[in-house]
Amino acid sequence: MTQKITIIGFGTVGQGLCEILAGKKKELLEKYNYRYSIVAVCDPRFGTVYNAAGLDMERVIAELRADQKFTTDRYPWDALETIRNSNADVVCELAFTDLKTGEPAMSHCRTAFETGKHIVTSNKGPAALAYAEMKALAGQHNVDFRIEGTVMSGTPVLNLAEGPLAGCSISAVKGILNGTTNYMLSEMEQGLDYTAALEKAQSLGYAEADPTGDVEGYDARAKVTILANVVLGEKLSIDAVDCTGITALTAADIMAAKAENTRWKLIGSITRSKEGLTAYVRPERVPLTHPLAGIMGATNALTLTTDLLGDVTIVGAGAGKTETGFSILSDLLAIHRTETILPDNRL
Ligand code: HSE
């Protein structure tokens with residue numbers, strides 16, 4: 001069976017995904033018997049294109065690179081009409097993240113579920129603000145809500161907790177969850193000033209469209225909320241996570257930490273104890289001997305405290321075009337695997 005894909009929002013992640021799919025087409029077929037067809041792309045800047053038999057993605061990407069509106073297979077549809085009207089099996093929701101309302105992504109997800117389509121997304125809005133609702137609605141319609149790319153890009157932390165670590169009880173997670181700020185802190189230690197470090201992180205595609213979300217800690221707070229819901233099974237709301245970003249940290253603070261064999265890191269943490277749940281994002285001075293101190297650049301790391309294995313730490317990419325594009329591919333393949341193995345009982 002060919003998996004039919006609609007892409008909503010054709011920015012960095014969507015383009016990263018398409019490059020991977022095109023480059024690995026043969027390998028994906030040979031190794032996993034995976035065939036795909038991109039049937040629709042909808043982007044506010046370039047327009048909507050749809051072809052039930054599959055778009056000519058070389059043309060779509062060439063037009064996008066030339067910064068011109070799509071010309072062929074055009075439809076006058078907005079995102080919701082594209083989701084409703086396309087014949088896709090899976091909608092890749094890759095529109096911008098809004099952590100206040102979750103929109104328009106939340107409406108995109110609801111429409112996909114209600115029309116029997118899976119959602120694969122790296123958008124933190126729906127998962128951080130309405131995980132339980134999204135999961136329940138997907139379940140009612142016998143489709144999936146897959147969100148690996150919302151935390152640590154393609155580094156498989158959510159799938160690790162839900163798959164290989166199933167059977168363990170996870171009582172705490174702690175780590176570095178934002179690539180932009182970790183990159184900035186690393187660069188500032190090398191002597192770059194705050195503004196130049198942020199500009200570099202933006203040019204490398206790590207930062208959010210509005211980087212306030214990174215430097216104020218809101219992006220990490222959304223990830224902490226998602227981890228609490230998915231990995232710890234807690235109904236934590238985003239407002240309950242204490243949050244301080246890195247904006248108050250000066251070059252002098254960073255150098256002072258270095259002189260004392262410590263390093264500032266923006267830490268996200270959740271702990272479940274008898275007293276209840278504690279969740280926060282804040283800069284902490286970590287001794288250089290601590291494993292998190294060695295995590296530099298846009299790399300992320302997370303330690304999961306389990307009852308059966310003790311601490312398990314996963315380290316990997318936290319942001320980036322290919323890295324997040326891969327998170328989408330891994331979820332697409334997971335849906336393909338499930339449907340291949342259990343064609344009549346997807347969930
Ligand atoms: N802006 C985010 C980061 C992107 O820097 O980690 C990945 O979620």
Between [X] and [Y], is there a side-chain N and carboxylate O pair less than 4.0 Å apart?
X	Y	result
Lys174	Glu284	yes
Arg110	Glu133	yes
Asp219	Lys124	yes
Arg146	Asp144	yes

>> For a salt bridge (Lys or Arg N to Asp or Glu O under 4.0 Å) check, start with the C-alpha distance between Lys265 and Glu189, then their side-chain angles and the critical distance, and finish with the verdict.
In response: CA-CA 12 Å; Lys265 291 289 175 193; Glu189 196 181 302; over 6 Å; no

Can you get from [X] to [Y] by hopping between Ile, Leu, Val, Met, Phe, Trp and Tyr side chains that sit under 4.5 Å apart?
X	Y	result
Tyr36	Val49	yes
Leu266	Ile254	yes
Leu292	Leu160	no
Val281	Val230	yes
Tyr218	Leu129	no

>> Over 60° means perpendicular and under 30° means parallel, so tell me whether Tyr50 and Tyr75 are parallel, tilted or perpendicular.
In response: perpendicular

Side-chain donor or acceptor of [X] paired with backbone N/O of [Y] under 3.5 Å:
X	Y	answer
Thr262	Ala257	yes
Asn300	Gly316	no
Glu103	Ser107	yes
Thr305	Asp311	no

> Tell me, which pairs form a salt bridge (charged side-chain N to carboxylate O under 4.0 Å, His left out) where one or both residues lie in residues 68-88, sequence neighbours left out?
Replying inline: none

>> Side-chain heavy atoms under 4.5 Å apart, restricted to Ile/Leu/Val/Met/Phe/Trp/Tyr: what other residues fall into the cluster of Met255, or is it alone?
In response: none

> How about Arg282 and Thr244: does a side-chain donor come under 3.5 Å of a side-chain acceptor?
Replying inline: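 Short answer, no.
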
Is the closest side-chain heavy-atom distance between [X] and [Y] below 4.5 Å?
X	Y	value
Val39	Asn87	yes
Glu114	Leu137	yes
Thr72	Asp56	no
Thr313	Leu302	no
Asp253	Trp264	yes
Ile270	Thr278	no
Glu63	Phe46	no
Cys18	Ile38	yes

> Taking only residues two or more places apart in sequence, or in another chain, which ones meet Tyr183 in a ring-ring contact (aromatic ring centres under 6.0 Å, His included)?
Replying inline: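 In terms of ring-ring contact (aromatic ring centres under 6.0 Å, His included), with neighbours along the sequence ignored, Tyr183 is linked to Tyr206.
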
Straight-line distance of [X] [atom1] to [Y] [atom2], nearest 0.5 Å:
X	Y	atom1	atom2	result
Tyr34	Arg337	OH	CZ	11.5 Å
Gln202	Asp210	CD	CG	9.0 Å
Leu17	Phe10	CG	CZ	8.0 Å

> Out of Asn178, Val215, Asp214, which one pairs with Glu208 under the side-chain contact (heavy atoms from CB on, under 4.5 Å) rule?
Replying inline: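 Of the listed residues Asn178, Val215, Asp214, the side-chain contact (heavy atoms from CB on, under 4.5 Å) partner of Glu208 is Asp214.
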
> Would you say Glu260 has more than 12 foreign heavy atoms packed within less than 6.0 Å of its CD?
Replying inline: yes

